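Quantities reported herein were computed from a predicted structural model and do not represent experimental measurements. Just follow the structure's listing: the first ligand is 1, and inside any ligand the first atom is 1.
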Amino acid sequence: MTEQGFPVEQIDTSRPHPARMYDYYLGGRDNYEVDRRAAEEVIRMVPEALVSAQANRAFLHRAVRHVVGKGVRQIIDIGTGIPTSPNTHEVAREVAADVRVAYVDNDPIVATHAGAKLINQGGASFVLGDIREPEAILRHPRIQGLIDFTEPVALLLVAVMHFITDEEDPAGIVATLSEALPKGSYLVLTHGTADFHGEIGEDEDAREVYKNATAHLTVRPYDEVRPLFKGYELLEPGLVQASRWRPDDAVRESEEHRKVSFYGGVGRKV
Ligand SMILES: C[S@@+](CC[C@H](N)C(=O)[O-])C[C@H]1O[C@@H](n2cnc3c(N)ncnc32)[C@H](O)[C@@H]1O
């Protein structure tokens with residue numbers, strides 16, 4: 001059992017899990033053979049998957065530093081992923097030591113690592129929860145205990161909404177979460193897309209690999225990602241290729257970062 005009370009034996013190693021595949025893309029070790037095989041298959045079809053994962057993570061760091069710099073002191077990070085240093089609370093606390101972070105993920109493997117790597121310094125909590133049940137996340141005692149919903153919150157939905165199918169109503173989920181937040185809160189979001197590289201071939205489709213995984217992949221064009229920011233004013237430079245959102249000097253002109261297949265944006269609730 002972990003500190004969260006989750007029995008490690010329940011971890012499913014028979015099917016690829018997006019959290020563990022993403023860990024593999026980022027060079028982590030918390031993945032199994034089934035995940036490595038699936039991730040390698042995706043990389044073979046979409047070689048930019050690796051640079052995209054790294055650029056997505058770098059976007060998360062820049063966006064967190066930005067919103068904490070704007071005064072936000074509480075963060076809800078849904079679709080946390082397997083801890084990858086620096087984690088959201090570590091990045092945030094480089095800017096302000098008193099930032100509180102509530103982590104939420106529906107993958108048990110994230111829960112097993114949360115005690116040691118996400119919530120060990122206090123001022124943070126982890127909830128094993130599913131974004132497809134947003135009310136349950138908002139009502140959860142650990143969220144209610146940590147987050148003051150009368151003060152601005154940064155809601156992080158980074159590389160998670162493309163695991164929600166159209167039938168599961170991604171816009172409705174974001175709206176429900178957003179309604180709970182006061183004005184001046186921020187939405188930090190990235191989303192997989194084929195916009196920058198043309199249509200993915202039908203018989204060599206990374207989405208097929210994710211069909212065997214525990215969550216399916218739905219990459220979306222700009223016109224379907226932009227409405228997720230309904231009720232928010234997009235900060236400059238808007239919803240753009242994630243690597244182009246307020247890039248560091250090092251990435252600004254890098255050829256590699258033109259290959260990134262994620263949109264990224266930050267909105268302020270109005
Ligand atoms: C690609 S990782 C992103 C990790 C981190 N947010 C980042 O961008 O570096 C996606 C995460 O979303 C989680 N996830 C997928 N579907 C989810 C759902 N329905 N509810 C909560 N988390 C989900 C996966 O378990 C995985 O940890």
Side-chain angles (χ1 to χ4, degrees), residues 6 11-12 15-28 30-32 35 38-39 42-43 46 49-64 75-92 101-114 117-118 126-138 140 143 154-170 172-174 176-177 187-193 206 209-210 213-219 242-243 245 260-266:
F6 188 83
I11 288 177
D12 178 4
R15 295 168 72 198
H17 279 222
R20 301 187 316 227
M21 290 169 68
Y22 183 69
D23 177 70
Y24 182 75
Y25 300 144
L26 290 177
D30 296 311
N31 46 69
Y32 297 87
D35 309 305
V42 172
I43 294 165
V46 189
L50 282 181
V51 71
S52 296
Q54 286 157 8
N56 174 69
R57 194 75 195 167
F59 164 90
L60 183 151
H61 294 170
R62 296 195 301 278
V64 166
I75 296 175
I76 304 178
D77 180 356
I78 307 182
T80 304
I82 292 171
T84 304
S85 195
N87 293 291
T88 297
H89 67 283
E90 293 159 331
V91 175
V101 182
Y103 290 106
V104 182
D105 202 288
N106 71 340
D107 194 322
I109 195 157
V110 182
T112 63
H113 290 287
K117 295 186 177 157
L118 297 178
F126 178 81
V127 171
L128 185 62
D130 196 309
I131 197 169
R132 289 167 293 189
E133 295 169 2
E135 289 97 350
I137 291 175
L138 293 167
H140 195 284
I143 301 283
L155 172 64
L156 268 56
L157 302 179
V158 181
V160 64
M161 295 313 293
H162 48 237
F163 293 118
I164 305 302
T165 64
D166 291 348
E167 295 69 35
E168 291 167 338
D169 188 16
I173 290 171
V174 180
T176 302
L177 292 167
L187 173 62
V188 174
L189 181 142
T190 66
H191 198 296
T193 187
V209 181
Y210 279 92
T214 51
H216 295 176
L217 181 67
T218 308
V219 295
S243 47
W245 194 89
V260 170
S261 46
F262 278 100
Y263 275 113
V266 178

*Give the residue, atom name and distance (to 0.1 Å) of the protein heavy atom nearest atom 13 (C) of ligand 1.*
Asp105 OD2, 3.4 Å
*In the protein, which heavy atom is nearest to atom 14 (N) of ligand 1, and how far is it?*
Asn106 OD1, 3.5 Å
*Hey, which atoms in ligand 1 end up nearer than 4.0 Å to a heavy atom of Gly129?*
20 (N), 21 (C)
*asked:* Determine whether a donor-acceptor pair (N or O, by modelled atom type, separation under 3.5 Å) exists between the side chain of Asp169 and the backbone of Asp166.
replied: no
*asked:* Please check: side-chain N/O of Arg62 versus main-chain N/O of Trp245, any donor-acceptor pairing under 3.5 Å?
replied: yes
*Distance to 0.1 Å, residue and atom name: give those for the protein heavy atom nearest to atom 19 (N) of ligand 1.*
Asp130 OD1, 2.9 Å
*Can you list every pair that meets salt bridge (Lys or Arg N to Asp or Glu O under 4.0 Å) and has a residue in residues 50-61, with sequence neighbours left out?*
none
*Check whether any side-chain heavy atom of Ile78 lies under 4.5 Å from a side-chain heavy atom of Leu177, and answer yes or no.*
yes
*Nearest protein heavy-atom contact for atom 20 (N) of ligand 1: which residue, which atom, what distance?*
Ile131 N, 3.0 Å
*Contact (N/O only, under 3.5 Å) between Pro18 and ligand 1*: no
_Top protein contact for atom 4 (C) of ligand 1, by heavy-atom distance_ = Gly79 O, 3.2 Å
_ligand 1 contact on Asn56 by region, counting heavy-atom pairs under 4.0 Å_ = side chain
*If you measure from each non-hydrogen atom of Ala159 to ligand 1, which part falls under 4.0 Å: side chain, backbone, both or neither?*
both
*Does ligand 1 have an atom that lies less than 4.0 angstrom from a heavy atom of Ala53?*
no
*asked:* Test of understanding: with ring pair (Phe, Tyr, Trp, His ring centres under 6.0 Å), list the residues that count as partners of His162, not counting sequence neighbours.
replied: His191, Phe262
